[in-house]
Amino acid sequence: MEMVITNNYQFPLNSVNYQETMMLEKQLSAAEESDILIFEGHIARGVKITKQNSHMLNQLMVVKEGGPMRKPPQAVLDQTRLLAMELHLGHKLCKVRDPDFLLDIIKKQGTSRSMSWLSELVKNSENSFELL
């Protein structure tokens, strides 16, 4: 939701610690890769599965509810960006007040880090004061 509201589709999000997030993502990706190769090996029955011949490695991701944030594949980010633009999801999410997504993001990022995308949001919105 933060990516959609801020119109910033970069990982990690601005509201998190970059170095910690990237280090954790690297660790999780390595463990996940191993698990996926083992899983695919069980399905392939007798075929040695490696990074080079895996069909599932670039299609699967382990997502744990309440777990750490994961880096979505670029195709997912691109599709999310297109849908958000087409459906004006950023503006719609900004209008939600229970919970107040906009205020939550501003609190997480801090006011100085929020100014660039917030000013862009206000500038591009027809009814700017409804968002705030």
Side-chain angles (χ1 to χ4, degrees):
M1 282 194 290
E2 184 172 329
M3 288 180 171
V4 172
I5 290 172
T6 63
N7 198 32
N8 181 7
Y9 295 88
Q10 304 279 330
F11 183 86
L13 303 170
N14 285 332
S15 62
V16 298
N17 181 301
Y18 179 83
Q19 289 180 329
E20 285 180 21
T21 303
M22 292 310 288
M23 186 175 71
L24 182 59
E25 174 63 24
K26 193 174 188 176
Q27 292 170 350
L28 291 171
S29 292
E32 175 182 87
E33 182 177 284
S34 173
D35 291 345
I36 291 171
L37 291 174
I38 290 168
F39 174 70
E40 190 172 0
H42 289 299
I43 294 173
R45 295 185 186 179
V47 177
K48 174 78 174 151
I49 302 296
T50 64
K51 285 183 186 181
Q52 290 74 29
N53 69 354
S54 173
H55 294 283
M56 294 183 171
L57 203 52
N58 63 351
Q59 297 180 26
L60 296 179
M61 173 184 272
V62 176
V63 180
K64 295 180 182 174
E65 184 179 346
M69 175 183 355
R70 299 301 310 274
K71 181 179 182 180
Q74 189 59 46
V76 171
L77 292 175
D78 294 341
Q79 186 177 20
T80 302
R81 178 185 296 124
L82 289 173
L83 284 171
M85 285 175 29
E86 185 178 316
L87 301 172
H88 306 285
L89 293 179
H91 289 105
K92 290 176 182 176
L93 287 171
C94 286
K95 292 178 182 178
V96 174
R97 290 296 173 251
D98 189 19
D100 193 333
F101 298 124
L102 186 60
L103 186 58
D104 289 346
I105 294 170
I106 293 169
K107 285 179 181 177
K108 285 180 191 174
Q109 290 186 2
T111 52
S112 59
R113 290 176 77 186
S114 301
M115 284 303 159
S116 61
W117 62 264
L118 194 54
S119 63
E120 194 67 29
L121 180 72
V122 171
K123 185 171 73 172
N124 292 332
S125 177
E126 298 167 5
N127 300 324
S128 302
F129 292 108
E130 285 183 24
L131 296 177
L132 304 173

I need the minimum non-hydrogen distance between L77 and Y9, along with the two atoms involved. CD1-O, 3.7 Å
Under 4.5 Å between side-chain heavy atoms, counting indirect links through other Ile/Leu/Val/Met/Phe/Trp/Tyr residues: same cluster for M56 and L28 or not? no
Consider only side-chain heavy atoms of I, L, V, M, F, W and Y, link residues closer than 4.5 Å, and tell whether I43 and I49 are in one cluster. yes
Taking all non-hydrogen atoms of both residues, which atom of M61 and which atom of K71 are closest, and how far apart? CE-O, 2.8 Å
Rounded to the nearest 0.5 Å, how far does CD of E40 lie from OG1 of T50? 9.0 Å
Between the CZ atom in R81 and the CD atom in Q79, the distance rounded to the nearest 0.5 Å is 12.0 Å
Side-chain heavy atoms under 4.5 angstrom apart, residues restricted to Ile, Leu, Val, Met, Phe, Trp, Tyr: same cluster for M22 and M3? yes
In terms of hydrophobic clustering (I, L, V, M, F, W, Y; side-chain heavy atoms under 4.5 Å; direct or indirect links), are V47 and L60 co-clustered? yes
Residue pair E33 / S29, side-chain donor-acceptor N/O under 3.5 Å: no
How close do L37 and S54 get, heavy atom to heavy atom, and via which atoms? CD2-CB, 3.8 Å
Identify the two heavy atoms, one from D100 and one from R97, that lie closest to each other, and give their separation to 0.1 Å. OD1-NH1, 3.2 Å
Would you mind reporting whether I106 and W117 have side-chain heavy atoms less than 4.5 Å apart? yes
Closest heavy-atom contact between V4 and G90? CG1-N, 3.5 Å
Would a hydrophobic clustering, with Ile, Leu, Val, Met, Phe, Trp and Tyr connected at side-chain separations under 4.5 Å, put L87 with M1? yes
Distance col, row E2:CD vs Q109:CD, nearest 0.5 angstrom, shows 4.5 Å
M23 side, atom CE; E20 side, atom CD - distance, nearest 0.5 Å: 6.5 Å
More than 12 heavy atoms of other residues, nucleotides or ligands under 6.0 Å from CD of Q59: yes or no? yes
CD1/I5 to CD1/I105 distance, rounded to the nearest 0.5 angstrom? 3.5 Å
Near Q74 CD, under 6.0 Å, is it more than 12 heavy atoms from other residues, nucleotides or ligands? yes
